[in-house]
Amino acid sequence: MCGIVGYLGASEAVPVLFDLLRRLEYRGYDSAGIAILNGSILTSKAKGRVDDLISITPEIGGCTGIGHTRWATHGKPSSENAHPHCDCKDTIAVVHNGIIENYIELKDKLIDSGHEFRSETDSEVLPHLIEECYAGNLESSVRNALSMVRGSYAIAVVSTGEPDRIVIARKDSPLVVGLGSDGYFVASDVAAILKHTKDVIFMDDGEIGVINKDGVNVTDLDGVFVEKKVETITWDPESAEKSGYEHFMLKEIFEQPAVIRETFSGRISSDGIDLDAALPNVRRIVIIACGTSYHAGLFGRYVIERFARIPVDVEIASEFRYIDPIIDCGDLVIAITQSGETADTLAAIREAGSRGSQKLGVVNVLGSSITRDCPCIYTRAGPEIGVAATKSFTSQLAVLLLMAIRLGRERRMISTAEMDDLVSGLRQMSGNIQRVLNDAPLIKECAKLFTDADQFMFMGRGANYPVALEGALKLKEISYIPAEGFAAGELKHGPLALIYDGIPVVAIATKDGVHEKMLGNIKEVKARGATVIGIANESDTEIDKYVDYVLRVPDADPWIAPILSSVVLQLFAYYVAYHRGCEIDKPRNLAKSVTVE
Ligand code: F6R
């Protein structure tokens, strides 16, 4: 939520900043702005998208600058509330991602000392505080200002008093510096700077960096030098480009065969499963996550309990934090997060650690905050730019399956024959996803029939229940059609009342231990007038008798089929939204990486 950028180097800063901002736009897109140092500070800000900013920005020369793309928290989307924010004399400019919790108290004091505010944001206290502390050294004035601030921040600051310098700092919001051949690149996320360089420094909490032409000097809040490691990012820069696809979401859906190959690469053999982190032997597992990652967690519960016979609880991270959770050192708490930056998930895993539990992360973004908090297993999905999670979800399911098999093997709950079957299923998964993708034109045609639907229901049982929840979430977030996912066995306990003549119901009915029960549920909704779209295996010819439309997945192990069905539902949601003309990569009111509570 909100993206900050900065550039200092040999090139003109404006085009570089625009490029970085465009790549970070998925973090927020209600307003954007830049500030360039060129004797004075020249700012340009606009309500709306980065393209709106570009269209109103005059030619501004200068090789040092900062920028911001906003997801509003304090103050409505407007050019006044857009960052960068300046001090009273327009000599200091700041971009900020995070929340200043004590801003009202700070703002009142600053106003009493004569500061004039021009926005409704919490962030504007920062330039005024830095101005108040400034005595000829930007770094120490930033340090002093931050000592008065409570909350989270990733900031970049420039001042006319110190040309050719950017001061950055981080606490609980991501921040990375790229070291390129023609300059230094600051961003909230590595994906934004990949095109320019793969060599990066990840800033940690409580660190302040000073970037000038000679390099990056990092100190802690007390001014003590911190030796930082330069890390080389293995992601391919192409993976953060649209590469001819109309939307990132579609590109990311189509990347899934390659992603799954990468997720499994070097991790599977008939002897066992090799993962980046140890899986401790525990009495209980608690999975915490938000949104799509939470749905992956629900799938995790089914597969871990099935294959390893370890009890698993799954909790929404924002609830877990506040329920005084009962956990101890006999538990393993697993946080699942694509971004590794979701505020509620990070807070929940820290809460778990403080109560003595063992911790593990399942994460996609390299070097993200969670990787600094606990051992992690990477999903290896590559940069995901579309706001709606797709390839990150299927790679999470794949990792959870690997974990379940590994735990099951270690606890001798899986026989060799079962292991062989599962390994062969995993090896075929990428090819099977490709076969689903080959049916995209059929899915598109089917989706078109439902472009004007007022409402949708998704139902599944067992491991297909989380798939139903995720299918509904995908559809509602990008098409804005109200959609409810539920466990089909719950129909008679309430949801059946929602069924009316013609309501589309998506029934995930691949062959598994509850297939017949699922057919019964389909009959129940059909009898009340629903139009049923069944997701079924290729060889299931019986299903045609029960449903109005069928979308197929290859015949696969019942624990692998949910991953294939998820891909069908991603395409279905994409095409419904596409036919409705929705802005698919940037759904209204949403942003990727929810770094605020
Ligand atoms: C939905 C979506 C969100 C995220 C959620 C958690 O498509 O992307 O529901 O899954 O915000 O994000 P991460 O996984 O980054 O913690």
Side-chain angles (χ1 to χ4, degrees), residues 1-3 26-28 71 172-174 188-191 247-250 252-253 287-300 314-321 333-350 360-371 373-374 376-397 399-400 458 466-467 469-480 483 485 566-567 569-574 577 582-597:
M1 301 208 134
C2 295
Y26 62 88
R27 297 179 65 93
W71 186 87
D172 293 337
S173 290
S188 298
D189 185 321
V190 275
H247 297 101
F248 276 111
M249 181 177 175
L250 190 62
E252 288 158 4
I253 291 172
I287 298 178
I288 49 171
C290 301
T292 290
S293 297
Y294 170 74
H295 298 154
L298 292 175
F299 174 80
V314 191
E315 303 282 355
I316 292 169
S318 55
E319 290 296 317
F320 179 84
R321 292 175 67 172
V333 176
I334 303 177
I336 305 178
T337 166
Q338 185 284 131
S339 61
E341 303 292 348
T342 300
D344 285 318
T345 307
L346 290 175
I349 192 86
R350 286 171 192 154
L360 181 71
V362 173
V363 63
N364 186 40
V365 175
L366 307 172
S368 55
S369 296
I370 197 165
T371 65
D373 251 47
C374 57
C376 284
I377 298 174
Y378 279 107
T379 51
R380 304 183 184 162
E384 188 174 69
I385 314 289
V387 166
T390 52
K391 60 177 180 171
S392 64
F393 177 64
T394 44
S395 62
Q396 287 168 347
L397 301 187
V399 163
L400 288 160
F458 289 71
V467 175
L469 294 178
E470 177 59 10
L473 176 62
K474 244 15 14 141
L475 184 73
K476 67 185 143 195
E477 71 180 322
I478 59 169
S479 74
Y480 315 140
S566 301
V567 178
L569 296 186
Q570 292 166 357
L571 281 170
F572 185 77
Y574 173 84
C582 297
E583 203 163 348
I584 291 174
D585 281 338
K586 299 187 188 88
R588 74 178 173 219
N589 305 335
L590 298 180
K592 211 163 180 75
S593 197
V594 184
T595 53
V596 294
E597 238 193 274

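Nothing fancy with the numbering, it's 1 onward along the sequence. Ligands are counted one by one from 1 in listed order, and the atoms in each one are counted from 1 as well.
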Show your reasoning for whether side chain to side chain contact (heavy atoms under 4.5 Å, CB included) applies to Ile584 and Leu250. CA-CA 9 Å; Ile584 291 174; Leu250 190 62; over 6 Å; no
Any atoms of ligand 1 less than 4.0 Å from a non-hydrogen atom of [X]? List them with their elements.
X: Ser339; answer: 13 (P), 15 (O), 16 (O)
X: Glu477; answer: 1 (C), 7 (O)
X: Ser293; answer: 10 (O), 13 (P), 14 (O)
X: Ala388; answer: 7 (O)
X: Val387; answer: 7 (O), 8 (O)

Flag the pair Ser293 / Phe393 as yes when at least one side-chain heavy-atom distance between them is below 4.5 Å, and no otherwise.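 In short, these two side chains do not touch, never coming nearer than 4.5 Å.
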[Y] and [X] side chains, donor-acceptor separation under 3.5 Å:
X: Ser392; Y: Glu384; answer: yes
X: Glu341; Y: Ser369; answer: yes
X: Ser566; Y: Lys474; answer: no

Is there a side chain to side chain contact (heavy atoms under 4.5 Å, CB included) between Leu569 and Glu470 once you walk through the steps? CA-CA 8 Å; Leu569 296 186; Glu470 177 59 10; over 6 Å; no
Heavy atom of the protein closest to [atom] (residue, atom name, distance):
atom: atom 13 (P) of ligand 1; value: Thr342 OG1, 3.2 Å
atom: atom 6 (C) of ligand 1; value: Cys290 O, 3.4 Å
atom: atom 11 (O) of ligand 1; value: Val594 CG2, 3.9 Å

Do you know which two heavy atoms are closest between Ala388 and Met249, and how far apart they sit? CB-SD, 4.0 Å
Pick whichever of Ile478, Asn364, Ile336, Thr292 has a heavy atom sitting closest to atom 4 (C) of ligand 1.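 Closest candidate by heavy-atom distance is Thr292.
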Answer yes or no: does an N/O atom from Ala389 fall short of 3.5 Å to an N/O atom of ligand 1?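 Yes, Ala389 has an N/O under 3.5 Å of an N/O on ligand 1.
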Does any N or O atom in Thr345 lie less than 3.5 angstrom from one in ligand 1, N or O only? no
Could you establish whether Lys474 and ligand 1 come within less than 4.0 Å of each other, counting only heavy atoms on the residue side? yes
For side chain to side chain contact (heavy atoms under 4.5 Å, CB included), just list the numbers for Gln338 and Gln396, CA-CA rounded to whole Å, side-chain angles, deciding distance to a tenth of an Å, and then say yes or no. CA-CA 8 Å; Gln338 185 284 131; Gln396 287 168 347; 4.3 Å; yes
